[in-house]
Amino acid sequence: MNGPDHPFPAPLLERLRAAQKIAVLTGAGVSQESGLRTFRDPQEGFWAQYSPEDLATPEAFERDPRLVWEWYAHRRSQLASVHPNPAHRALTELGNRLPGLTLITQNVDGLHQRAGSRDVIELHGTLTEVRCSACGQRPKEWNDHPRVVPACPDCGGLLRPDVVWFGEILPQGALAAAMEAARTCDAFFSIGTSGLVEPAASLGRTVRQRNGVLIEINREPTPLTPLCDYAFHGKAGDWLPRLVDAVFGSGL
Ligand code: BV8
Ligand code: ZN
């Protein structure tokens, strides 16, 4: 099976084939090949003057709700013109073949779901929905004007993107499910993430403390790399289809 285009060590393939439960954590690098900039890539145009981390805080929204609303409206508008890439599709294929797959993402772009993945654990919320900053309601429709922060239909409060900002707690159910997956999986993949944002970054380290196999697929090394049993550096859209094919021979 390990033909010339299968650079994956036989022991890894055997462990993945024998795995009952596999957990995958993805970050912005998985959506990079769909054309979305990652969190730490320089932003483009007007937004190049801002660091996403400066805009992704409750303080920024408090200080200038219109600027923050515009930043997220800009990112939401990009979703209409991007599509899942081979990395997303390979993870959907993996989930179809392995009922014991738990897909955890830090991304808010909804691309895993658009690729057909189900039960995606969104640790940092989603760009595709809004919630009221005052009463917490999640209206299904809102006036999506890029430069006017819409008001909550129920209480008139300012609507905000339904994402988790820095300094905000993660959805507790999502975090508990992700930690349970990291605690019980036979194999854990960290894919397309710099491993800098907590508590998501701790999930991989949890696996290290037990006998799960830890695999990284990322364009460049990260703080998690030294802890990994296997690290494949390069594009997720190149590595993942080949890995799924090597494990399941799916002819992806
Ligand atoms: C919380 C939603 C507590 C919004 C996001 C000091 C130490 C430890 C922790 C902290 C600290 N100071 C503050 C904290 C806590 C803070 C934190 O971790 N800060 C970091 C920066 C130090 N965390 C929080 O605040 C979290 N909340 O801790 O609450 C608390 C407790 C009680 C009560 C109150 C509060 C909340 C964190 C969530 C923030 N929200 N997103 C939005 O999207 O705008 S995080 C944001 O960063 C995105 O979700 C993104 O996914 C995430 C992580 O970034 P990555 O996904 O890794 O993206 P990045 O660009 O960094 O990396 C991409 C990687 O892909 C790169 O390595 C690149 O090489 C690679 N790549 C690129 N292209 C490809 C590729 N790989 C493969 N193929 C490719 N083609
Ligand atoms: Zn409200």
Side-chain angles (χ1 to χ4, degrees), residues 6-33 38 84-107 111-113 115-124 174 177-197 199-248 250 252:
H6 282 302
F8 304 106
L12 169 62
L13 296 181
E14 280 149 29
R15 287 196 71 171
L16 294 177
R17 285 188 195 114
Q20 298 299 310
K21 297 174 105 177
I22 292 184
V24 175
L25 171 68
T26 65
V30 159
S31 297
Q32 186 269 333
E33 290 160 81
T38 71
N85 66 61
H88 296 107
R89 286 199 292 275
L91 289 170
T92 301
E93 172 71 13
L94 190 62
N96 292 341
R97 289 172 174 276
L98 193 82
L101 180 82
T102 302
L103 180 53
I104 307 156
T105 189
Q106 298 171 93
N107 298 339
L111 285 175
H112 284 302
Q113 293 90 326
S117 288
R118 292 180 301 283
D119 307 324
V120 180
I121 297 176
E122 293 180 310
L123 288 181
H124 297 159
M179 294 179 79
E180 175 65 11
R183 261 198 304 272
T184 58
C185 64
D186 304 305
F188 186 97
F189 285 87
S190 179
I191 306 175
T193 177
S194 58
L196 297 174
V197 173
S202 302
L203 293 169
R205 286 196 290 276
T206 310
V207 180
R208 186 62 299 140
Q209 288 145 17
R210 27 182 297 271
N211 59 357
V213 60
L214 187 55
I215 307 127
E216 178 176 66
I217 296 176
N218 202 61
R219 192 175 59 192
E220 59 218 359
T222 72
L224 189 73
T225 308
L227 300 180
C228 288
D229 299 288
Y230 302 94
F232 302 101
H233 292 145
K235 290 188 163 188
D238 293 341
W239 279 112
L240 275 169
R242 292 165 70 195
L243 179 66
V244 173
D245 191 44
V247 174
F248 294 108
S250 64
L252 259 174

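The figures that follow rest on heavy atoms only: side chains count, while hydrogens, waters and symmetry mates do not. Numbers for residues simply follow the sequence, beginning at 1. Note that the structure is predicted; figures quoted are calculated from it, not measured.
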> Restricting to side-chain contact (heavy atoms from CB on, under 4.5 Å), what partner residues turn up for Ala19, sequence neighbours left out?
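With sequence neighbours excluded, Ala19 shows a side-chain contact (heavy atoms from CB on, under 4.5 Å) to Ile22, Asp186, given in chain and number order.
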> Got a second to check how far Thr105's OG1 is from Leu111's CG, nearest 0.5 Å?
9.0 Å
> Determine the minimum heavy-atom distance between Ala90 and Val244, stating which atoms define it.
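Minimum heavy-atom contact is O-CG2, 3.7 Å.
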> For Leu214 and Leu227, work out which heavy atoms get closest and say how close.
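Heavy-atom minimum between the residues: CD2-O, 3.6 Å.
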> With sequence neighbours excluded, what pairs up with Arg118 under the salt bridge (charged side-chain N to carboxylate O under 4.0 Å, His left out) test?
none
> Looking only at heavy atoms, what is the nearest atom pair of Ala174 and Ile121, with distance?
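In this case the closest contact between Ala174 and Ile121 is O-CG2, 3.5 Å.
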> Run the numbers on Leu16 and Phe189 for side-chain contact (heavy atoms from CB on, under 4.5 Å), then give the verdict.
CA-CA 11 Å; Leu16 294 177; Phe189 285 87; 3.9 Å; yes
> side-chain contact (heavy atoms from CB on, under 4.5 Å), that's the test. Do Arg97 and Val247 meet it? Break it down for me.
CA-CA 10 Å; Arg97 289 172 174 276; Val247 174; over 6 Å; no
> Sequence neighbours excluded, which residues qualify as side-chain hydrogen bond (donor to acceptor under 3.5 Å, both in side chains) partners of Glu14?
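In terms of side-chain hydrogen bond (donor to acceptor under 3.5 Å, both in side chains), with neighbours along the sequence ignored, Glu14 is linked to no residue.
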> Identify, with sequence neighbours excluded, every residue that meets salt bridge (charged side-chain N to carboxylate O under 4.0 Å, His left out) alongside Arg210.
none
> Walk me through whether Asn218 and Ser190 qualify under side-chain contact (heavy atoms from CB on, under 4.5 Å).
CA-CA 8 Å; Asn218 202 61; Ser190 179; over 6 Å; no
> Roughly how far, to the nearest 0.5 Å, is CZ of Arg219 from CD1 of Ile191?
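If I round to the nearest 0.5 Å, the distance is 15.5 Å.
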> Considering non-hydrogen atoms only, spot the tightest contact between Ile215 and Ala187 and give its length.
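Nearest heavy atoms, Ile215 then Ala187: CD1-CB, 4.3 Å.
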> Sequence neighbours excluded, which residues qualify as salt bridge (charged side-chain N to carboxylate O under 4.0 Å, His left out) partners of Asp229?
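Residues passing salt bridge (charged side-chain N to carboxylate O under 4.0 Å, His left out) with Asp229: Arg208.
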> Could you state the interatomic distance from OG (Ser31) to NE2 (His88), rounded to the nearest 0.5 Å?
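Going from OG on Ser31 over to NE2 on His88, the span is 3.5 Å.
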> To the nearest 0.5 Å, what is the distance between CG on Leu240 and CG on Asp245?
12.0 Å
> Got a sec, which pairs hit side-chain hydrogen bond (donor to acceptor under 3.5 Å, both in side chains) with one end in residues 230-239, sequence neighbours left out?
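Pairs touching residues 230-239 that pass the test: Glu216-His233.
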> When you measure from the side chain of Glu33 to the backbone of Asn85, do you find a donor-acceptor pair of N or O atoms at a distance under 3.5 Å?
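Checked: no pair found.
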> What residues, two or more places apart in sequence or in another chain, satisfy side-chain hydrogen bond (donor to acceptor under 3.5 Å, both in side chains) together with Thr193?
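Thr193: side-chain hydrogen bond (donor to acceptor under 3.5 Å, both in side chains) contacts with Gln106.
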> Distance from Leu203 atom CG to Arg183 atom CZ, nearest 0.5 Å?
10.0 Å
> Taking all heavy atoms of Ala182 and all of Phe188, pick out the closest pair and write down the distance.
CB-CE1, 4.1 Å
> How long is the gap from CG on Leu101 to NZ on Lys21, to the nearest 0.5 Å?
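Between Leu101 CG and Lys21 NZ, I get 11.5 Å after rounding to 0.5 Å.
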> Holding to side-chain contact (heavy atoms from CB on, under 4.5 Å), I want the full list of residues that pass it with Ala181, two or more places apart in sequence or in another chain.
Ala23, Thr102, Ile104
> The criterion is side-chain hydrogen bond (donor to acceptor under 3.5 Å, both in side chains); which residues satisfy it with Arg205, sequence neighbours excluded?
Glu198, Ser202
> Begin from the C-alpha positions of Leu243 and Leu94 and carry the test side-chain contact (heavy atoms from CB on, under 4.5 Å) through to its verdict.
CA-CA 10 Å; Leu243 179 66; Leu94 190 62; over 6 Å; no
> side-chain contact (heavy atoms from CB on, under 4.5 Å) with Pro86: which residues, sequence neighbours excluded?
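Residues passing side-chain contact (heavy atoms from CB on, under 4.5 Å) with Pro86: Arg89, Pro241.
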> Return the set of residues passing side-chain hydrogen bond (donor to acceptor under 3.5 Å, both in side chains) with Ser117 (not counting sequence neighbours), or none when no residue passes.
Thr92
